[in-house]
J.: 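Before I ask anything, here is the structure I am working with.
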Amino acid sequence: MVLSVSDPGHMPTRGNGDTDWNAFDSNAYVDHNYRALRPDDEQILRVVRDFFRNHFDRHPSGPVPGIDVGSGANLYPALALLPWCSEITLFERAATNVRWLERQTPGYEANWDAFWDVLKEKEPYASVADPRARLRPAARVKQGNLFDLPVGRWGAGTMFFVAESMTTSHDEFREGVRRFAECLTPGAPFAAAFMAGSTGYRVGTELFPACSVTGEQVRDALDPFTESEVEITHIGIPGGYSLREGYEGMVVACGRRDRA
């Protein structure tokens, strides 16, 4: 849940629990951010696609249960998990976004085809003849709070624009990252994306909190849960494609949950 419809200006201190997430306008969010494929999302898709391919090439397994934490009104993290997962939990707090996901997962709208087209440039995505038909039985939309995630349940995970985009508190940001990492089983691959330098964002008429993070702060938050180095990719703001003032690009972190 990230990105904005307009410059939010100064964001006062505000925690996750101080925000009315049921005021999140799912349709306005999609219209502004995902109605067409942006160059930065295209780059993120390729980074995450190639990471999961390389991981499962090195660590072959049967289908694993996957989770996308804080799905919001965004399907492309779940699509990135699709070839590897027996089921995908789309875990979301806002009731508006839960309803949006419940409408989309039986047969998503055409705008998401451009996102799948990037994924299917490589196998095994290319072998998925009908991603809508594949997602339909796999998707498990579940409403819940990130801070209540169970420990050690999912074998692959994504979390896009969530931990830094729900609070102005860096303590809550780190706790959100911890809860995401701990919901994964040992050895589980993960991909997480963050807005860099975010100062808050609007969706529709509502202002939502964010805290400014860097790639190093993302790495530091994930490091306690990984033995091998987390791969950090910085995604710049493409020329002419800035969504708003008040952010400095995006950070993608890919790694493996393998430390207690």
J.: Would you say Gln43's side chain and Asp40's backbone share a donor-acceptor pair under 3.5 angstrom?
T.: no
J.: Roughly how far, to the nearest 0.5 Å, is the CG atom of Asn27 from the NE2 atom of His32?
T.: 14.5 Å
J.: Can you check side chain to side chain contact (heavy atoms under 4.5 Å, CB included) on Thr185 and Val64, steps first, answer last?
T.: CA-CA 10 Å; Thr185 57; Val64 299; over 6 Å; no
J.: Is any side-chain N of the basic residue among Arg219 and Glu216 closer than 4.0 Å to the acidic one's carboxylate O?
T.: yes
J.: Parallel, tilted or perpendicular: which describes the rings of Phe115 and Tyr34, with under 30° parallel and over 60° perpendicular?
T.: perpendicular
J.: Before giving the answer on side chain to side chain contact (heavy atoms under 4.5 Å, CB included), spell out for Asp50 and Lys122 the whole-Å C-alpha distance, their side-chain angles and the decisive distance to 0.1 Å.
T.: CA-CA 8 Å; Asp50 292 348; Lys122 299 283 185 69; 3.6 Å; yes
J.: With the side chain counted from C-beta on, respond yes when Trp84 and Pro124 share a heavy-atom pair under 4.5 Å apart, and no when they do not.
T.: yes
J.: Determine, stepwise, if the pair Arg49 / Glu121 fulfils side chain to side chain contact (heavy atoms under 4.5 Å, CB included).
T.: CA-CA 10 Å; Arg49 175 198 67 195; Glu121 292 169 353; 3.0 Å; yes
J.: How many angstroms lie between atom OG1 of Thr19 and atom CZ of Arg93, to the nearest 0.5 angstrom?
T.: 8.0 Å
J.: What is the minimum heavy-atom distance between Pro63 and Cys85, and which atoms define it?
T.: CB-C, 4.1 Å
J.: So, do Phe225 and Glu182 sit near enough that their side-chain heavy atoms are less than 4.5 Å apart?
T.: yes
J.: Check whether any side-chain heavy atom of Ile232 sits under 4.5 Å from a side-chain heavy atom of Val251, and report yes or no.
T.: yes
J.: Minimum heavy-atom separation for Gly72 and Glu92, please, with both atom names.
T.: N-OE1, 2.7 Å
J.: What closest approach, in Å, do Gly176 and Leu146 show between heavy atoms, and which atom pair accounts for it?
T.: CA-CD2, 3.6 Å
J.: If I take atom CG from residue Asn74 and atom CG from residue Asn33, how far apart are they, to the nearest 0.5 angstrom?
T.: 8.5 Å
J.: Determine, stepwise, if the pair Glu102 / Arg99 fulfils salt bridge (Lys or Arg N to Asp or Glu O under 4.0 Å).
T.: CA-CA 5 Å; Glu102 289 173 340; Arg99 291 193 293 269; over 6 Å; no
J.: Closest heavy-atom contact between Phe147 and Arg179?
T.: O-NH1, 2.7 Å
J.: Taking the six-membered ring for Trp, are Phe190 and Phe180 parallel (under 30°), tilted (30 to 60°) or perpendicular (over 60°)?
T.: perpendicular
J.: Rounded at 0.5 Å granularity, tell me how far NE2 in His234 sits from CE in Met250.
T.: 14.0 Å
J.: Is Arg132 close enough and on-axis enough to Tyr108, meaning under 6.0 Å and within 45°, for cation-pi?
T.: yes
J.: Distance-only, no hydrogens or angles: does the Thr226 side chain make a donor-acceptor pair with backbone N or O of Glu229 under 3.5 Å?
T.: no
J.: Any idea how His170 and Phe173 line up, ring-wise: parallel (<30°), tilted (30 to 60°), or perpendicular (>60°)?
T.: perpendicular
J.: Only pairs at least two apart or in different chains count here, so list each side chain to side chain donor-acceptor pair (under 3.5 Å) that has a residue in residues 133-157.
T.: Thr89-Trp154
J.: Please report the closest heavy-atom contact between Phe160 and Ile44, naming both atoms and the distance.
T.: CE2-CG2, 3.7 Å
J.: Which donor-acceptor pairs under 3.5 Å do side chains of residues 75-83 form with protein atoms, sequence neighbours excluded?
T.:
residue	atom	partner	partner atom	Å
Tyr76	OH	Asp41	OD1	2.7

J.: Drop me the distance from Leu101's CG to Phe91's CZ, to the nearest 0.5 angstrom.
T.: 12.5 Å
J.: Between Thr96 and Ser26 (side chain of the first, backbone of the second, donor and acceptor by atom type, cut-off under 3.5 Å), is there such a pair?
T.: no
J.: Taking C-beta and beyond as the side chain, do Val118 and Arg46 meet within less than 4.5 Å on heavy atoms?
T.: yes
J.: For Pro189 versus Gly155, what's the shortest heavy-atom pair and its separation?
T.: CD-O, 3.2 Å
J.: Does some side-chain heavy atom of Glu164 sit less than 4.5 Å from a side-chain heavy atom of Ser212?
T.: no
J.: Could you grab the distance from atom CG of Leu119 to atom CH2 of Trp112, nearest 0.5 Å is fine?
T.: 11.5 Å
J.: For side chain to side chain contact (heavy atoms under 4.5 Å, CB included), just list the numbers for Phe208 and Met166, CA-CA rounded to whole Å, side-chain angles, deciding distance to a tenth of an Å, and then say yes or no.
T.: CA-CA 7 Å; Phe208 292 95; Met166 63 180 186; over 6 Å; no
J.: Spell out, as yes or no, whether a donor-acceptor pair under 3.5 Å connects the side chain of Arg256 to the backbone of Ser228.
T.: no
